[in-house]
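Let me begin by presenting the structure, written as structure tokens, before commenting on it.
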Amino acid sequence: MGNSPYCYKKDMAKNIVVLSNYDEHGRGHGWSHYLRYKSLGLNADYICLLRSHSETQKFIIDALSPKSIKYRWYKCLRFLGKLLMAPYPDMRSWYKGHDYASANDILKRLDFKPDYIVVCTYHFFLSPKSFYKLWKETGATFIFVMTDEKILCGGCAYPLNCENYKFGCRNCPKYPYAKFIPRYIVKQKEKYFSKIPFHILGSRFDLQRAESIPYLKGKKTHTSVSVPEIPFVLKKTEARKKFGVDKDHFVMLCGAVGVDNPVKGFNEMYESLKVFSKCVDKRNVTLLIAGKSVPNVEWPKNINVVQTGFLDLNGLFTAYYACDVFLSPSILDSGPYMVNYSIACGRPVISFEMGVAIDLVINKKTGWRAELKNIEQFAEGIRFFYKYSNQQFEEADKLCKEHIKSFSLNPWYNFMLDSNEE
């Protein structure tokens with residue numbers, strides 16, 4: 001380690017390096033972790049595979065220089081990968097085992113010896129072998145953040161309708177003509193991850209799934225629920241004026257991002273709304289759809305649909321304040337983070353039994369959790385809050401905000417601040 005290309009002074013504050021595929025600025029992603037550590041007074045640095053924001057100083061490939069050789073090579077390889085998967089549209093972004101950086105690429109960008117290396121997303125970026133070499137060179141404690149569930153699998157972001165991830169991704173049903181690839185990827189994880197003592201950070205839902213993976217057994221785990229800071233409060237009546245929604249309507253909000261992706265559960269939500277619409281009586285109903293990509297479906301005639309188009313973050317918060325409940329129909333997700341936003345804004349969430357809802361949604365208090373893909377139960381949850389009075393919604397507002405704040409009292413990162421772990 002004496003020849004490592006970084007400088008290190010003893011008696012420094014805890015040093016953190018965050019690694020992530022992309023420098024996306026959304027909450028829950030690598031950049032938000034980096035900013036959080038900086039706010040705690042830690043000496044933090046951030047290195048990503050692909051830079052798309054000028055604030056990012058350390059990166060492997062620069063998307064802001066699209067004519068560079070590195071970026072063109074990256075785009076070429078990604079295009080070829082998608083071309084090979086063209087017969088399987090759901091798998092075009094599936095990880096195929098190619099990594100664009102090495103341990104040395106990270107080491108030469110370090111200005112200090114890290115005490116902790118926080119890994120948010122890494123497929124296409126670094127291999128298990130690269131992480132092993134980083135650990136041997138730095139001695140840092142690794143923290144893998146389950147932004148998705150790729151750490152469990154041989155390529156999938158989420159093992160939808162598949163249990164093969166529990167058995168080393170043998171005979172992968174999603175990659176029929178190259179089944180050796182997911183198996184090889186898992187074998188690399190088994191070989192190297194089992195040697196590295198690391199922590200896993202995620203929701204209870206994700207951590208429970210990780211328990212069945214041999215190379216993750218014995219790793220230290222931390223339940224993590226991010227508590228977003230909501231910059232303003234807006235009365236429901238004022239928020240509704242901005243979207244032209246009647247103050248007396250029962251208002252539901254949903255997001256329209258990746259609606260064609262089956263894991264987002266848009267079809268399940270649509271079918272649930274059709275069931276719910278049969279129970280609508282005296283109180284008028286509005287569905288606010290935040291986002292651009294809304295499929296052309298025939299909505300129930302007694303549900304007024306308002307498409308907001310793209311909303312910036314403040315616009316999204318306004319939409320939360322305008323609604324009575326937020327619909328989160330994802331059938332497989334580590335989040336979605338929109339659940340955190342909704343609860344922090346005091347709005348109950350209707351969801352399935354998965355992701356962060358396991359931690360944040362308490363039945364009949366901060367929302368309603370239906371059995372996975374059970375549209376009747378999802379509709380029943382909407383119907384339950386449809387009958388709420390204004391006073392009951394005010395009580396739910398307080399319960400939601402109190403519940404999510406409870407997760408900030410003993411944040412998972414305390415172990416970094418207090419631990420003497422080598």
Check: Can you name the side-chain hydrogen bond (donor to acceptor under 3.5 Å, both in side chains) partners of Asp105, sequence neighbours left out?
Finding: Ser102

Notebook entry, point to check: When rounded to the nearest 0.5 angstrom, what distance separates CG in Leu64 from CG in Leu50?
Noted result: 8.5 Å

Note to self: Distance check, rounded to the nearest 0.5 Å: Asp148 atom CG versus Asp206 atom CG?
What the structure shows: 8.5 Å

Next item on the list: Determine, stepwise, if the pair Ile289 / Val305 fulfils side chain to side chain contact (heavy atoms under 4.5 Å, CB included).
Entry: CA-CA 7 Å; Ile289 303 178; Val305 177; 3.6 Å; yes

Next item on the list: Would you please test Asp333 and Lys264 for salt bridge (charged side-chain N to carboxylate O under 4.0 Å, His left out) and show each step?
Entry: CA-CA 8 Å; Asp333 202 321; Lys264 296 300 182 182; 3.5 Å; yes

Notebook entry, point to check: Per the ring pair (Phe, Tyr, Trp, His ring centres under 6.0 Å) rule, which among Phe378, Phe276, Trp299 passes with Tyr270?
Noted result: Trp299

Notebook entry, point to check: What closest approach, in Å, do Ala322 and Leu288 show between heavy atoms, and which atom pair accounts for it?
Noted result: CB-CD1, 4.1 Å

Margin query: Between the side chains of Asp111 and Lys58, is the shortest nitrogen-to-carboxylate-oxygen separation below 4.0 Å, so that they form an ion pair?
Written below: yes

Notebook entry, point to check: Out of Arg72, Lys67, Arg51, which residue meets the salt bridge (Lys or Arg N to Asp or Glu O under 4.0 Å) rule with Asp62?
Noted result: Arg51

Margin query: Testing the 3.5 Å rule here: is there a donor-acceptor pair between the side chains of His249 and Thr286?
Written below: yes

Next item on the list: Name the orientation class of the two ring planes belonging to Tyr46 and Tyr34 (parallel below 30°, tilted from 30 to 60°, perpendicular beyond 60°).
Entry: tilted

Next item on the list: Could you tell me whether Lys236 and Asp324 have a side-chain N and a carboxylate O separated by less than 4.0 Å?
Entry: yes

Margin query: Quick check: closest heavy atoms across Ala290 and Thr308, and the distance to 0.1 Å?
Written below: CA-OG1, 3.2 Å

Margin query: Checking the side chain of Gln188 only, and the main-chain atoms of Pro128 only, is there a donor and an acceptor separated by less than 3.5 Å?
Written below: no

Next item on the list: Check Phe243 against Val306 and note the closest heavy-atom contact, atom names and distance.
Entry: O-CG1, 4.0 Å

Item checked: side chain to side chain contact (heavy atoms under 4.5 Å, CB included) evaluation trace for Leu316 with Tyr341 -> CA-CA 9 Å; Leu316 183 61; Tyr341 281 142; 4.3 Å; yes

Next item on the list: Output, in order, the C-alpha distance, side-chain angles, deciding distance and verdict of ring-ring contact (aromatic ring centres under 6.0 Å, His included) for Phe142 and Tyr132.
Entry: CA-CA 10 Å; Phe142 276 75; Tyr132 178 72; over 10 Å; no

Check: If you measure from CG on Leu201 to OG1 on Thr147, what distance do you get to the nearest 0.5 Å?
Finding: 8.5 Å

Notebook entry, point to check: Do NZ/NE/NH1/NH2 and the carboxylate oxygens of Glu402 and Lys405 come within less than 4.0 Å?
Noted result: no

Item checked: Carboxylate-amine/guanidinium contact Arg209 Glu149, below 4.0 Å -> yes

Next item on the list: Would you please say whether a donor-acceptor pair under 3.5 Å links the side chains of Asn43 and Lys38?
Entry: no

Checklist line | Sub-4.5 Å side-chain heavy-atom contact between Phe326 and Ile350 | finding: no

Notebook entry, point to check: Between Arg183 and Glu190, does at least one N-O distance fall below 4.0 Å, as a salt bridge requires?
Noted result: yes

Checklist line | Lys247, NZ: over 12 other non-hydrogen atoms inside 6.0 angstrom | finding: no

Item checked: Candidates Leu372, Asn374, Leu273, Ile375 - the one meeting side-chain contact (heavy atoms from CB on, under 4.5 Å) with Glu268 -> Ile375

Notebook entry, point to check: Does a side-chain heavy-atom distance below 4.5 Å link Ile151 with Met146?
Noted result: yes

Item checked: Over 12 foreign heavy atoms within 6.0 Å of NZ, Lys401 -> yes

Next item on the list: Decide yes or no on ring-ring contact (aromatic ring centres under 6.0 Å, His included) for Phe193 and Phe144, but give the supporting numbers first.
Entry: CA-CA 11 Å; Phe193 281 173; Phe144 281 84; 5.3 Å; yes

Notebook entry, point to check: Is there a donor-acceptor pair under 3.5 Å between the side chain of Glu24 and the backbone N or O of Asn21?
Noted result: no

Item checked: Phe131/Tyr192 aromatic ring centres below 6.0 Å -> no

Notebook entry, point to check: What is the distance from atom SG of Cys172 to atom CZ of Phe180, rounded to the nearest 0.5 Å?
Noted result: 12.0 Å

Next item on the list: For residues Tyr184 and Ile181, determine if any side-chain heavy atom of one lies less than 4.5 Å from a side-chain heavy atom of the other.
Entry: no

Margin query: As a quick check of understanding, evaluate side chain to side chain contact (heavy atoms under 4.5 Å, CB included) for Cys254 and Leu287, giving each step before the final call.
Written below: CA-CA 8 Å; Cys254 70; Leu287 173 67; 4.1 Å; yes

Item checked: Charged tip of Lys219 within 45° of Phe198 ring normal and under 6.0 Å -> yes

Next item on the list: May I ask you to decide whether Arg369 forms a salt bridge with Glu353, counting only side-chain N to carboxylate O separations under 4.0 Å?
Entry: yes

Next item on the list: Assess whether atom CD of Glu298 is packed by more than 12 heavy atoms of other residues, nucleotides or ligands within 6.0 Å.
Entry: no

Checklist line | Exercise: identify the closest heavy-atom pair between Cys400 and Pro348 | finding: SG-N, 3.9 Å

Check: With side chains defined as the heavy atoms from C-beta onward, is the minimum distance between Cys48 and Thr56 less than 4.5 Å?
Finding: yes

Margin query: Does any part of the side chain of Ile404, heavy atoms only, come nearer than 4.5 Å to the side chain of Leu360, both counted from C-beta?
Written below: yes

Notebook entry, point to check: Thinking salt bridges, do Lys14 and Asp115 make one under a 4.0 Å N-O criterion?
Noted result: no

Item checked: Value rounded to 0.5 Å, distance of CG in Asn340 from CG in Asp359 -> 9.0 Å

Notebook entry, point to check: At their closest point, which heavy atom of Val285 faces which heavy atom of Met252, and how far apart are they?
Noted result: CG1-CE, 3.5 Å

Item checked: Within-4.5 Å side-chain heavy-atom neighbours: Ile117 and Val119 -> yes

Item checked: Note, Tyr320 side chain near Leu253 side chain (heavy atom, < 4.5 Å) -> yes

Notebook entry, point to check: Sub-3.5 Å donor-acceptor pair from the side chain of Ser342 to the main-chain atoms of Met338, do we have one?
Noted result: no

Next item on the list: Output yes when Asp246 and Arg240 qualify as a salt bridge under the 4.0 Å nitrogen-oxygen rule, no when they do not.
Entry: no

Next item on the list: Step by step, work out the side chain to side chain contact (heavy atoms under 4.5 Å, CB included) result for Leu216 and Ile200.
Entry: CA-CA 9 Å; Leu216 298 182; Ile200 308 173; 4.0 Å; yes

Checklist line | Residues that Phe232 engages under side chain to side chain contact (heavy atoms under 4.5 Å, CB included), provided they are two or more places apart | finding: Leu234, Asn314, Phe317, Thr318, Tyr321

Notebook entry, point to check: Considering only heavy atoms from C-beta outward, does the side chain of Tyr337 approach that of Ser226 to under 4.5 Å?
Noted result: yes

Checklist line | Thr138 OG1 to Leu107 CG distance, which is reported to the nearest 0.5 Å | finding: 7.5 Å

Notebook entry, point to check: If you count the non-hydrogen atoms of other residues, nucleotides and ligands that lie under 6.0 Å from NZ in Lys129, is the total more than 12?
Noted result: no

Item checked: Backbone of Leu110 reached by a side-chain donor or acceptor of Asp45 within 3.5 Å -> no

Checklist line | Heavy-atom pair with the smallest gap, counting every atom of Leu49 and Phe124 | finding: CD2-O, 3.5 Å

